[in-house]
Asker: 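Structure incoming, see below.
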Amino acid sequence: MATRDSYHHGDLRRALLAAAVTAITEAGPAGFSLRELARRAGVSHAAPVHHFGDKAGVFTALAAEGFELLADALTEVAERTGSFAEVGVAYVRFAVGHRAHFEVMFRPELYRAEDPAVLAARERANAPLVSGVRSVRRAGPELGEIAAWSLVHGFATLWLTGALPPAVGTDPEAAARVITAILVSGL
C-alpha cells in the first residue's frame, strides 16, 4: 500500500486526525468511515482501529480537540479584547475555520460525550462565554449564557449550512459583529 503520499513516520495519531478533518470537511460526518480514513492517511485499515478503537473513538478525539481549539480561541480573544461581543465573533470564526470539528463537537450522538477529555475541554471552552455573559448581565446568568450561546451557535450553524439570506453578505465575522452587538445590548 506504500505510495508516494503514504504515511511513513512521525505522529500517526495526528496524521489520522488530520485526515479525518479533511474527510469530514469534504463529506460531513455521515460520509466518514475508518476504511476511508486509512486510505487517506496511506496506512493499513487496522491503523485507525489501533489508535481509536472505532469510528466513535475518532469522533471523540476530534470533539475533544475541537473544544480545546475553541477554548484557546475564545480565551485569547477574551483576554486580548475584554469584549464579550468579540468572543461571540471568535466563536463564529472558529466554526467557519474549523468546520469539521464544529460539525462533530455539537453532535454528541457521534462520540463518547462523557469522555473525560471531552468534558474538560468543553468546560474550558464554556468558561469565556459564561464569564462574558456575567460581565454584561448580573442577574440570572444561566439563561443569559444559554441565550448567548444559542445566538452565536445558531448564527454559525446557519452560516455553515448556507441558510442565511444573501443580504447578510459574504463576511461571517462582520455579520457576527452586528449579531453579537444586538445580543450585548439586549443583555
Side-chain angles (χ1 to χ4, degrees), residues 14 17-18 20-22 24-25 28-29 58-187:
R14 170 84 326 250
L17 287 175
V21 166
T22 301
I24 294 166
T25 298
V58 175
F59 287 146
T60 300
L62 283 175
E65 180 178 75
F67 281 116
E68 285 294 339
L69 291 168
L70 178 60
D72 290 345
L74 298 182
T75 300
E76 186 278 325
V77 168
E79 290 173 356
R80 180 173 44 82
T81 68
S83 167
F84 179 53
E86 284 302 312
V87 170
V89 172
Y91 188 99
V92 172
R93 183 183 313 117
F94 172 83
V96 172
H98 297 276
R99 184 176 187 150
H101 286 97
F102 191 79
E103 288 190 29
V104 171
M105 291 161 57
F106 298 102
R107 302 258 323 268
E109 75 277 9
L110 296 176
Y111 60 88
R112 294 176 187 93
E114 298 304 315
D115 181 87
V118 171
L119 292 173
R122 184 184 304 139
E123 185 176 318
R124 200 174 145 247
N126 285 341
L129 295 172
V130 170
S131 65
V133 168
R134 288 183 179 153
S135 73
V136 295
R137 184 170 192 251
R138 301 291 179 222
E142 188 171 306
L143 289 179
E145 292 160 14
I146 292 169
W149 180 33
S150 297
L151 187 125
V152 295
H153 185 82
F155 178 82
T157 301
L158 291 169
W159 185 275
L160 291 173
T161 60
L164 294 169
V168 172
T170 59
D171 183 350
E173 290 184 38
R177 276 193 182 83
V178 173
I179 298 295
T180 59
I182 293 167
L183 169 69
V184 170
S185 68
L187 289 175

Asker: With a 4.5 Å heavy-atom cut-off, do T180 and E86 have their side chains touching?
Answerer: no
Asker: Give every residue pair that meets the salt bridge (Lys or Arg N to Asp or Glu O under 4.0 Å) criterion with at least one member in residues 162-172, sequence neighbours excluded.
Answerer: none
Asker: What pair of heavy atoms forms the shortest contact from E103 to P29, and how long is it?
Answerer: OE1-CD, 3.3 Å
Asker: Evaluate the side chain to side chain contact (heavy atoms under 4.5 Å, CB included) criterion for residues L74 and F94: first the C-alpha distance (whole Å), next the side-chain angles of each, then the deciding distance (0.1 Å), finally the verdict.
Answerer: CA-CA 9 Å; L74 298 182; F94 172 83; over 6 Å; no
Asker: List the atom of A90, the atom of A73, and the distance in Å for their closest heavy-atom pair.
Answerer: CB-O, 4.4 Å
Asker: How would you list, by chain and number, every residue that makes a side chain to side chain contact (heavy atoms under 4.5 Å, CB included) with A120, sequence neighbours excluded?
Answerer: none
Asker: Who are the salt bridge (charged side-chain N to carboxylate O under 4.0 Å, His left out) partners of E76, not counting sequence neighbours?
Answerer: R80
Asker: Nearest 0.5 Å, what's the CZ-CG distance between R93 and L70?
Answerer: 11.5 Å
Asker: What pairs with E109 under salt bridge (charged side-chain N to carboxylate O under 4.0 Å, His left out), at least two apart in sequence or on another chain?
Answerer: R107
Asker: Using every non-hydrogen atom in the two residues, find where A121 and E68 come nearest and quote the distance to one decimal.
Answerer: CB-OE2, 3.4 Å
Asker: Is there a side chain to side chain contact (heavy atoms under 4.5 Å, CB included) between V21 and H98 once you walk through the steps?
Answerer: CA-CA 9 Å; V21 166; H98 297 276; over 6 Å; no
Asker: More than 12 heavy atoms of other residues, nucleotides or ligands under 6.0 Å from CD of E123: is that the case?
Answerer: no
Asker: Report, one line per pair, each donor and acceptor closer than 3.5 Å where one atom sits in a side chain of residues 153-168; sequence neighbours left out.
Answerer:
residue	atom	partner	partner atom	Å
H153	ND1	Y91	OH	2.8
T157	OG1	H153	O	2.9
T161	OG1	T157	O	3.0
T161	OG1	L158	O	3.3

Asker: Does any non-hydrogen side-chain atom of V92 lie less than 4.5 Å from one of E173?
Answerer: no
Asker: Do you know the tightest heavy-atom contact between V104 and L110?
Answerer: CA-CD1, 4.4 Å
Asker: Can you give me the closest heavy-atom contact between Y111 and R122, atom names plus distance?
Answerer: OH-NH2, 3.3 Å
Asker: Holding to side chain to side chain contact (heavy atoms under 4.5 Å, CB included), I want the full list of residues that pass it with E65, two or more places apart in sequence or in another chain.
Answerer: R14, L17, L62, L69, H101
